[in-house]
*Asks:* 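Here you go, one structure.
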Protein chains: 2
Amino acid sequence: MSETRVRNAAAEDALDAQIGYNLRRASALALNDFSVEMAETSLRPVTYAMLALIDERPGVRAAELCRLLGMKSANMAPLLGELEERGLIARDDHAEDKRVQELNLTESAKAAMPAWRRKVRRHEERFLQRLSRNERATLLRLLRLIWVDEAE
Amino acid sequence: MSETRVRNAAAEDALDAQIGYNLRRASALALNDFSVEMAETSLRPVTYAMLALIDERPGVRAAELCRLLGMKSANMAPLLGELEERGLIARDDHAEDKRVQELNLTESAKAAMPAWRRKVRRHEERFLQRLSRNERATLLRLLRLIWVDEAE
DNA sequence: TATTGTTATACTCTATAACTATA
DNA sequence: TATAGTTATAGAGTATAACAATA
């Protein structure tokens with residue numbers, strides 16, 4: 001059996017050589033590490049992402065948040081309810097279009113956000129410790145080539 | 001406001017600059033594309049990964065398969081049952097240790113595997129179309145730096 | 001005592017469909 | 001008709017705990 005074959009599969013077809021599989025494993029590890037670092041905040045990756053984006057785009061519409069995060073509004077609704085109940089966001093009525101909700105962080109969430117961002121930075125530092133600064137920049141660029149829509 | 005800031009967050013802390021977030025988005029896109037390509041085979045990423053590894057390591061123990069795929073045996077058990085019912089794998093008794101199951105592909109699965117691997121290659125080709133050959137190799141290396149245990 | 005494998009169960013994420021209100 | 005948002009529900013992935021059989 002040649003070196004270019006992994007048992008029964010050509011090396012290029014081996015599971016370990018598949019980028020999709022390695023994306024899933026790396027993502028699972030990152031998810032896990034995130035929940036360890038953020039446990040005390042009761043924020044999950046999705047809820048943190050929502051807060052971070054609302055922080056970066058005050059007044060963003062719920063539908064726009066769905067689009068930006070690649071979520072269905074049916075799945076977003078209960079999460080917005082959760083964040084509102086916890087006093088982290090406000091759903092404000094749009095002036096002209098009564099269908100629209102404008103999302104904003106509460107003062108309490110605004111105050112907490114810098115510390116949460118620092119925690120996330122520590123989490124990234126930990127699960128990326130084997131990558132150099134340059135490698136991290138490269139990885140970021142390549143990941144965005146995969147999923148970011150060219151049209152945007 | 002300086003160019004180095006994304007609204008309220010320093011650029012390095014912006015959601016879009018987080019590798020964990022981008023891993024999750026890229027992985028979700030890959031998952032989605034996988035299920036489109038593999039729909040007619042009724043194989044999901046997990047079940048395909050199990051078959052591919054059993055193909056690459058005939059006779060692998062169930063516990064070893066769990067370890068290699070990062071799964072809990074409690075979650076593996078029903079999937080092995082599914083694959084056995086579909087006539088794709090056999091769970092053979094170990095000669096010396098009666099607790100152990102040795103996993104093998106059936107003849108029918110062995111015959112189908114090359115076509116399934118080709119379909120997965122097409123899927124990878126599609127969701128990675130914006131990455132060059134070199135970039136794909138780099139991405140693979142960086143992803144494995146994140147999740148593959150140094151001890152192995 | 002530890003390991004292999006199973007069952008039961010709960011939680012999160014995601015997908016679809018049906019719905020209300022508004023444009 | 002189309003869009004914004006909600007509710008209900010089902011499927012898949014993953015986590016823990018309790019268990020039986022074997023080492």
Side-chain angles (χ1 to χ4, degrees), chain A residues 20-21 23-36 38-39 42-50 54 59-85 89-103 147, chain B residues 20-21 23-25 27-36 38-39 42-50 59-85 89-103 147:
Chain A
Y21 171 67
L23 270 175
R24 193 155 54 87
R25 295 300 300 267
S27 181
L29 185 138
L31 261 303
N32 228 39
D33 191 85
F34 185 99
S35 66
V36 168
M38 303 297 280
S42 298
L43 290 176
R44 286 155 288 150
V46 192
T47 44
Y48 172 79
M50 291 165 65
I54 297 172
V60 65
R61 299 170 176 212
E64 177 75 352
L65 194 61
C66 287
R67 194 185 61 77
L68 290 168
L69 293 177
M71 294 173 65
K72 309 280 184 188
S73 59
N75 299 322
M76 174 79 76
L79 297 178
L80 287 174
E82 175 191 334
L83 294 175
E84 190 178 40
E85 272 195 13
I89 65 163
R91 296 193 260 196
D92 303 320
D93 292 338
H94 185 87
E96 287 112 44
D97 190 335
K98 287 186 180 174
R99 295 170 304 179
V100 173
Q101 296 179 350
E102 291 183 339
L103 305 174
W147 77 266
Chain B
Y21 171 67
L23 270 175
R24 194 155 54 86
R25 295 300 300 268
S27 181
L29 185 139
L31 259 303
N32 228 38
D33 191 84
F34 185 99
S35 66
V36 168
M38 303 296 281
S42 298
L43 290 176
R44 288 154 287 148
V46 193
T47 44
Y48 172 79
M50 291 166 64
V60 66
R61 299 169 177 215
E64 176 75 352
L65 193 62
C66 287
R67 195 185 61 77
L68 290 168
L69 294 177
M71 294 173 65
K72 310 280 183 188
S73 60
N75 299 322
M76 174 79 75
L79 298 178
L80 288 174
E82 176 191 334
L83 293 176
E84 191 179 39
E85 272 196 13
I89 65 163
R91 295 193 261 195
D92 302 321
D93 292 338
H94 185 85
E96 286 112 45
D97 189 336
K98 286 187 180 174
R99 295 171 305 180
V100 172
Q101 295 180 352
E102 291 182 340
L103 304 174
W147 77 267

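Each chain gets a letter, A, B and so on, in the order the sequences are listed, and its residues count up from 1. We use all heavy atoms of the structure for the numbers below, so side chains are in, but hydrogens, waters and symmetry mates are not.
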*Asks:* With sugar-phosphate meaning primed atoms plus P, OP1 and OP2, does B/A74 contact a base, only sugar-phosphate, or nothing at under 4.0 Å between heavy atoms?
*Replies:* base
*Asks:* Nearest whole angstrom, please: distance from the P of D/dG5 to the CE of A/M76.
*Replies:* 9 Å
*Asks:* Please report the shortest heavy-atom distance between A/R24 and B/S27, naming the atom on each side.
*Replies:* CA-OG, 3.7 Å
*Asks:* Take the protein atom CD of A/E96 and the nucleotide atom P of D/dT3, then report the distance between them rounded to whole Å.
*Replies:* 19 Å
*Asks:* What integer distance in Å separates A/K72:NZ from C/dC13:P?
*Replies:* 17 Å
*Asks:* Less than 4.5 Å apart, side chain to side chain, heavy atoms only: is that true for A/E82 and A/M50?
*Replies:* no
*Asks:* Between D/dT7 atom P and A/L79 atom CG, what is the distance in whole Å?
*Replies:* 13 Å
*Asks:* Would you indicate what B/R91 reaches in the nucleic acid, counting non-hydrogen atoms under 4.0 angstrom: base, sugar-phosphate, or nothing?
*Replies:* sugar-phosphate
*Asks:* Between the side-chain atoms of A/N75 and the base atoms of C/dA15, is any donor-acceptor pair under 3.5 Å?
*Replies:* yes
*Asks:* Output the rounded distance in Å from NZ (A/K98) to P (D/dA4).
*Replies:* 17 Å
*Asks:* Map A/P78 and A/N32 onto DNA chain D by nearest heavy atom, then report which one ends up closer to the 5' terminus.
*Replies:* A/P78
*Asks:* Measure the distance from CD on B/Q101 to C1' on C/dT6 and round it to the nearest whole Å.
*Replies:* 10 Å
*Asks:* Work out which heavy atom in B/A62 is nearest to a heavy atom in B/L80; give both atom names and the distance.
*Replies:* CB-CD1, 4.1 Å
*Asks:* D/dG13 phosphate, OP1 or OP2: any side-chain N/O from B/R44 under 4.0 angstrom?
*Replies:* yes
*Asks:* Given atom CG of A/D93 and atom C1' of D/dG5, what is their separation to the nearest angstrom?
*Replies:* 12 Å
*Asks:* Given that A/P45 and B/E64 both sit by DNA chain C, which one's nearest nucleotide is further toward the 5' end?
*Replies:* B/E64
*Asks:* Closest approach to the side chain of A/A77, judged atom by atom: which nucleotide of D/dT7, C/dT22, D/dA15 is it?
*Replies:* D/dT7
*Asks:* For the residue pair B/Y21 and A/L68, what are the closest heavy atoms and their distance?
*Replies:* OH-O, 3.4 Å
*Asks:* Can you tell which of D/dT22, C/dG5, C/dT22 lies closest to the side chain of A/D97?
*Replies:* C/dT22
*Asks:* Roughly, in whole Å, what's the span from CG in B/L29 to C1' in C/dA15?
*Replies:* 16 Å
*Asks:* Measuring from the side chain of B/V46 (C-beta onward, heavy atoms only), which nucleotide among C/dT22, D/dG13, C/dT4 has the closest atom?
*Replies:* D/dG13
*Asks:* Locate the shortest heavy-atom distance separating A/F34 from A/L43; write the atom from each residue and the value.
*Replies:* CE2-O, 3.6 Å
*Asks:* Touch check for B/R61, heavy atoms < 4.0 angstrom, all strands: base, sugar-phosphate only, or nothing?
*Replies:* nothing
